[in-house]
Amino acid sequence: MQFKAMVISNTEISPGYFRLRLTAPRDTAVSRPGQFLMVKVRDATDPLLRRPFGIFDMATIDSENPETGRQTCLEILYKVVGKGTRVLAALHHGDHLDILGPLGKGFDTSGRGGEKILVGGGVGLAPLYYLARRLLGNSPVRLFAGGKNREDILCITEFERLGIETYVSTDDGTLGEQGMVTAVMERYLSDNPSVETIYACGPFPMLKAVSRIAERYGIPCQVSLEAYMACGVGACLGCVIKGRNHTEEIPDYRCVCKDGPVFDSLELFWD
Amino acid sequence: MQFKAMVISNTEISPGYFRLRLTAPRDTAVSRPGQFLMVKVRDATDPLLRRPFGIFDMATIDSENPETGRQTCLEILYKVVGKGTRVLAALHHGDHLDILGPLGKGFDTSGRGGEKILVGGGVGLAPLYYLARRLLGNSPVRLFAGGKNREDILCITEFERLGIETYVSTDDGTLGEQGMVTAVMERYLSDNPSVETIYACGPFPMLKAVSRIAERYGIPCQVSLEAYMACGVGACLGCVIKGRNHTEEIPDYRCVCKDGPVFDSLELFWD
Amino acid sequence: MTRPDMSVEIAGIKMRNPVMTASGTFGYGSEFVDYMDLESIGAIITKGLSLRPKAGNRTPRIVETPGGMLNAIGLQNVGIEAFIREKIPFLRTVNTPVIVNLYGNSLEEYGELAQRLDKIAEVAGLEVNISCPNVRQGGIVFGTDPKAAYEVVKLVREATIKPVIVKLSPNVTDIVEMAHACEEAGADALSLINTLTGMAIDLQKRRPVLANLTGGLSGPAIKPIALRMVWQVAKAVNLPVIGIGGITSATDALEFIVAGATAVEVGTASFLDPSATQTIAHDMERYLAENGIVSIREMIGTLED
Amino acid sequence: MTRPDMSVEIAGIKMRNPVMTASGTFGYGSEFVDYMDLESIGAIITKGLSLRPKAGNRTPRIVETPGGMLNAIGLQNVGIEAFIREKIPFLRTVNTPVIVNLYGNSLEEYGELAQRLDKIAEVAGLEVNISCPNVRQGGIVFGTDPKAAYEVVKLVREATIKPVIVKLSPNVTDIVEMAHACEEAGADALSLINTLTGMAIDLQKRRPVLANLTGGLSGPAIKPIALRMVWQVAKAVNLPVIGIGGITSATDALEFIVAGATAVEVGTASFLDPSATQTIAHDMERYLAENGIVSIREMIGTLED
Ligand SMILES: Cc1cc2nc3c(=O)[nH]c(=O)nc-3n(C[C@H](O)[C@H](O)[C@H](O)COP(=O)(O)OP(=O)(O)OC[C@H]3O[C@@H](n4cnc5c(N)ncnc54)[C@H](O)[C@@H]3O)c2cc1C
Ligand SMILES: Cc1cc2nc3c(=O)[nH]c(=O)nc-3n(C[C@H](O)[C@H](O)[C@H](O)COP(=O)(O)OP(=O)(O)OC[C@H]3O[C@@H](n4cnc5c(N)ncnc54)[C@H](O)[C@@H]3O)c2cc1C
Ligand SMILES: Cc1cc2nc3c(=O)[nH]c(=O)nc-3n(C[C@H](O)[C@H](O)[C@H](O)COP(=O)(O)O)c2cc1C
Ligand SMILES: Cc1cc2nc3c(=O)[nH]c(=O)nc-3n(C[C@H](O)[C@H](O)[C@H](O)COP(=O)(O)O)c2cc1C
Ligand code: FES
Ligand code: FES
């Protein structure tokens, strides 16, 4: 779907991190956790390409003007890293954005009601909030959040308000336990091997470590990847990653945009 | 001079015409009527080049916060015709612009205190307001304003508030007399040949007609020209026009940006 | 007011309007069904096809540049077998001509591929991408050498009775010389331009951004170069020319038509807006209507110069 | 912390830093005194000079394009007499090397011009623009034919003992072949790229926007092409290379250095910001300081590929 969204709010929640709330057409309510949006940050050739962002949250609220009735809203949690995100950071209430989405395959939230654990690294936390809200209905959820320092640990209170038990770790120990989020997660698994599914989003090395651990414990693991994207719909083949059986002769490339961004960790070629 | 200006206000005064008021450094107070500014409408490669705009008015007022004391302000009157002016039209109070100027040669306002007449076509009125304010001190001033229709006749009340007698004409007669501004001006001259100087700004054909008439009546005439510009400082040679003695062998090209934009009508090659 | 006639014909391929999808920017069509009506455009040109499946280059494969982008996909594609098996069935259901863009790394590959495609009813025509190295001959790029281009086009020409469109590379000193070579070799039409070879560097890493080191520059940034080459070629040859390069609006497309193109291909713009081709075709028709132009064909090559 | 050593030397021309002004974008220097310190940059390259004064093309001469601009100034300049009379006196007062960009429409003109300039003490070196048609030989452009380039460079080489920098045109199939021809002819250094030939069209008027029909594309849009060519040439020749094309920031400039350039020229950026060259030189030094790099020369050609 392609639509014009209006900026409701755009707030800096931590140095360099913003929460952008947008109006969206009712049909976007089908968005699943893990799906993403391709955002044209402004109507110009600079920057040229759309920028991909996960869905932080989705809600249908009472809109400002009664006429239009209830309004569907999408939220993005983004980190300012370059040109496009700098343009986003300058948006005001009432500005408009051209958006494509929801795109890609989201997280598989089905299951037997067993315990689910979420692992997020830095801005990788973004898609996990909406996922947590969806999972909570029928299963207990734990969150493991990691980052370089306290500034990278986002919206923890929002997660806790959902009644989720959270384990925070930072490289410099400025918040939570000092160390790697994967270490904390593994320690937890060693005491509670009965976890049903692991959901992870963050830097590639973290996802690789998580998938290794998951494999060792025989726990199904879904990872959400990032890739540099041009089209977002499977046409440019710019965002590919290697599938488990990839060889030069029999290529097994998957599009992060179309076959993902969420993959079963066993589908992928990790080294 | 190159400086960052803050938008004080940006108001649509007539359909498609805006008045943009900017803060400016004290040194810009030296700006003369007829000089112009090169404006970078946004920090991006689209649009790439600066856009030239005349100075509609210049004033030093009491600034918003007492600390900074009195504040120099520059005003631009612009018409939305394309990409760059569309970007300008979207500016809000508090936004910033990178500006180069004042640039070029302005109008020569010296004289024997005799009557001065100003001739403006459409947005060509822009630089004449500041000129009028400067001239009024020591000589009577009359304004002849022309345009396609009433929407093109700008800020007439402001001119009248200065106590200037104004003669308005439009192609479709929706405001003032129907017909060409040059016709109205010539009729006036035939009854009042004693005019000391004519100042004109507007489309090239109008300027050509004005200079012809001025020559016939032997009245000194200064015209302000437009040209497509890249640098604004005389380096790219993109904005040139032919001087009176131009030939292919002995080129006599003048830079509108550096030798102008105001020229004595006798300096130029009109056909 | 009667609707303007937007139809054009290229080498016997009848199109409802002059807007086609540029190869490699529209997949195999099916990727765009959710965003536009595939029967609203003139033709679909599919991703560059080779005999055998091709893995393509390592990533990163794309990077944004000022007003454009570099790509080094490495012509990843499913190969002709899978193309026939998996892609043709869908394309058969779309009432829009399908033109297959093909390439090879040797004369033989081009020839064999053309023969195979010749037998496929759903294929309305071939677009031959000659911007590829001839591995058998020290990797000299077919599209930058008139003789090599002549040979490959002649071979394809003899291998099929379907319309043959040759897609020219802009990385040459004299685009007109290349155009003439292809015309003499029997091309039915020429399309241009393919991408310009460029490079992007990651300063901190002191490495090229693209795994392939260099890539092909596309998008609005290259439009002035494309427009110039289309104008030069259209004046020089007696073949229909298809304009490509940085087209993102109906105005852009019509500029190419005025410069001498009979049709256009829209590439990178489909990434910025998946319905770009439909929107451009629609806006072109509106332009003609508003300006009282009866047929798009009236505008071809009407540039005053 | 000691300041990084930014100095470089090109064919004997010692420069305080590697940032020069690109010919035709900086006038004769005097136009920029109000905006920057002319002694903060490595060298000033003046507007293309010819024997006789040149009127240049009719207007419009420039037009903006996506991420760039087209220009068809037509090499308007005052001619060598007026240059010596009116421009040299000012340039003499500036303590920065002055390199004169020159061109001719025949071999003879190049030769005579080089001889005249050889006698002027204030001229530190010559930059030979070979992107011009040879009117004596059916207008074939010197810079797109290796033999013609070889001849003109050889002639200039023999006409002067001053350093000879040859400025290459990017409108060629094989930039390395051109570079080799100039190297063999005795060039002391190579600068690239000049502008790419492009066109812009006014759809309503159905006319080219530029009076000259075509123009030269410059600005950020061409940077990826320039970077690729500089990388190719720097690897292939044993001469210092000067990188040009779309440089607007210190990052851009350092990318060219890493790609193999010993110095850079900044063109269109001086229109966007008249102090661009000074700012870029300043920011380059800061980058070195922040990254603990002792000398800019350490970075030349350090691209991992
Ligand atoms: C499916 C998906 C979901 C994402 N979700 C989020 C999210 O919820 N919140 C968030 O802050 N970011 C998210 N990202 C990353 C986000 O797309 C990039 O940070 C953004 O595009 C950078 O744009 P820019 O113009 O600011 O940076 P640029 O100037 O384009 O580049 C600056 C730096 O960011 C890197 N970068 C650029 N594009 C991408 C990309 N597509 N993926 C990874 N790195 C990139 C560049 O390599 C460069 O190092 C997601 C990416 C993908 C693919
Ligand atoms: C010395 C000078 C003073 C000027 N003063 C004013 C002023 O006070 N108010 C005002 O509204 N305009 C003024 N102009 C014209 C103004 O610069 C252009 O309207 C503006 O640059 C258009 O920018 P754009 O991006 O919106 O249009 P573009 O998208 O760049 O072009 C849209 C149309 O505007 C025309 N145009 C673009 N640049 C120029 C130019 N430099 N001169 C003339 N036409 C141009 C183009 O040819 C095109 O037809 C002045 C121009 C000059 C040279
Ligand atoms: C990601 C990408 C992939 C491409 N793949 C092909 C291809 O397989 N075959 C081909 O002939 N051209 C290919 N091209 C070139 C385009 O078809 C087109 O010629 C070029 O992009 C210029 O048009 P544009 O500026 O509208 O994108 C590709 C371009 C891009 C951006
Ligand atoms: C307006 C203009 C005039 C130019 N004049 C000359 C010239 O006289 N001689 C020359 O060798 N190059 C000339 N050039 C080319 C530039 O020197 C430079 O090679 C080119 O613009 C690419 O660099 P850039 O992208 O930084 O502008 C000119 C470029 C522009 C934009
Ligand atoms: S982003 Fe284009 S295929 Fe995935
Ligand atoms: S605008 Fe560059 S010389 Fe006048």
Side-chain angles (χ1 to χ4, degrees), chain A residues 1-4 27 30 38-52 82-85 87 97-104 204 225-243 245-259 269, chain C residues 21-36 46-48 52-79 82 209-210 215 218-221 223 246 248-249 267-276 279:
Chain A
M1 197 175 349
Q2 186 171 3
F3 59 92
K4 281 244 170 303
D27 328 21
V30 301
M38 286 293 271
V39 179
K40 187 86 176 98
V41 300
R42 73 170 153 216
D43 177 21
T45 63
D46 178 21
L48 183 70
L49 300 172
R50 290 173 180 269
R51 299 294 194 252
K83 200 193 289 171
T85 43
V87 173
L97 284 172
D98 181 274
I99 293 181
L100 215 60
L103 298 167
F204 194 83
L225 296 184
E226 285 194 4
Y228 207 98
M229 296 183 171
C231 73
V233 301
C236 73
L237 304 184
C239 67
V240 297
I241 45 145
K242 294 176 182 154
N245 311 317
H246 180 86
T247 64
E248 277 305 299
E249 298 63 48
I250 312 135
D252 173 21
Y253 272 125
R254 318 284 177 90
C255 286
V256 170
C257 70
K258 200 148 193 268
D259 308 318
F269 184 86
Chain C
T21 64
S23 178
T25 65
F26 207 70
Y28 299 96
S30 53
E31 295 83 350
F32 289 79
V33 283
D34 297 349
Y35 302 98
M36 62 175 281
T46 52
K47 172 70 186 166
R52 278 158 290 284
K54 185 99 187 303
N57 295 326
R58 283 173 299 115
T59 56
R61 291 175 164 190
I62 53 174
V63 60
E64 185 174 274
T65 67
M69 65 179 279
L70 288 168
N71 90 82
I73 306 304
L75 297 166
Q76 172 182 347
N77 79 97
V78 298
V209 174
L210 300 175
S218 66
K223 190 188 130 197
T248 63
S249 69
T268 301
S270 287
F271 301 158
L272 314 181
D273 173 359
S275 61
T279 306

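Below, chains carry the letters A, B, ... as their sequence lines are ordered, and counting in each starts from 1. FYI, side chains are in, hydrogens and waters are out, and symmetry mates aren't considered; it's all heavy atoms of this structure.
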Apply the test side chain to side chain contact (heavy atoms under 4.5 Å, CB included) to residues Phe271(C) and Met229(A): give CA-CA distance (whole Å), side-chain angles for both, the deciding distance (0.1 Å), then the verdict.
CA-CA 9 Å; Phe271(C) 301 158; Met229(A) 296 183 171; over 6 Å; no

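When every heavy atom of Leu100(A) is checked against every heavy atom of Tyr35(C), the shortest pair comes out as CD1-CE2, 4.0 Å. When all heavy atoms are compared, the tightest approach of Gln2(A) to Ser275(C) is OE1-OG, 3.7 Å.
For the set Leu48(A), Val240(A), Asp252(A), Thr247(A), the entry with the most heavy-atom pairs within less than 4.5 Å of chain C is Leu48(A). Contact tally against chain A (heavy-atom pairs below 4.5 Å) for Asp273(C), Thr65(C), Asn57(C): the top residue is Asp273(C). Ranking Pro60(C), Gly219(C), Gly67(C), Ser270(C) against chain A, the residue ahead of the rest is Gly67(C), based on heavy-atom pairs under 4.5 Å. Comparing Thr248(C), Val78(C), Thr59(C), Asp34(C) by heavy-atom pairs within less than 4.5 Å of chain A, the highest count is held by Thr59(C).
For Thr268(C), the part sitting under 4.5 Å from any heavy atom of chain A is the side chain, from C-beta outward, and nothing else. There is no contact between Tyr28(C) and chain A, counting heavy-atom distances below 4.5 Å. At a 4.5 Å heavy-atom cutoff, the contact between Leu272(C) and chain A is made by backbone and side-chain atoms alike. For a residue to count as touching a neighbouring chain, one of its non-hydrogen atoms must lie under 4.5 Å from one of that chain's; by this rule Thr25(C) touches chain A with the backbone only.
Counting only heavy atoms from C-beta outward, the side chains of Pro47(A) and Glu64(C) approach each other to under 4.5 Å. Considering only heavy atoms from C-beta on, Pro66(C) stays 4.5 Å or farther from Asp46(A) through its side chain.
Applying the salt bridge (Lys or Arg N to Asp or Glu O under 4.0 Å) criterion to Glu226(A), with sequence neighbours excluded, gives no partner residue. The salt bridge (Lys or Arg N to Asp or Glu O under 4.0 Å) search around Asp98(A) returns Lys4(A), Arg50(A), not counting sequence neighbours.
A cation-pi arrangement is present between Arg61(C) and Tyr253(A) under the rule of less than 6.0 angstrom and at most 45 degrees off the ring axis.
Rounded to the nearest 0.5 angstrom, Met69(C) CE and Leu49(A) CG are separated by 5.5 Å. In this structure, Cys231(A) SG and Phe26(C) CZ are separated by 11.0 Å, a value rounded to the nearest 0.5 Å. Once rounded to the nearest 0.5 Å, the distance linking SG of Cys236(A) with CG of Asn71(C) reads 8.5 Å.
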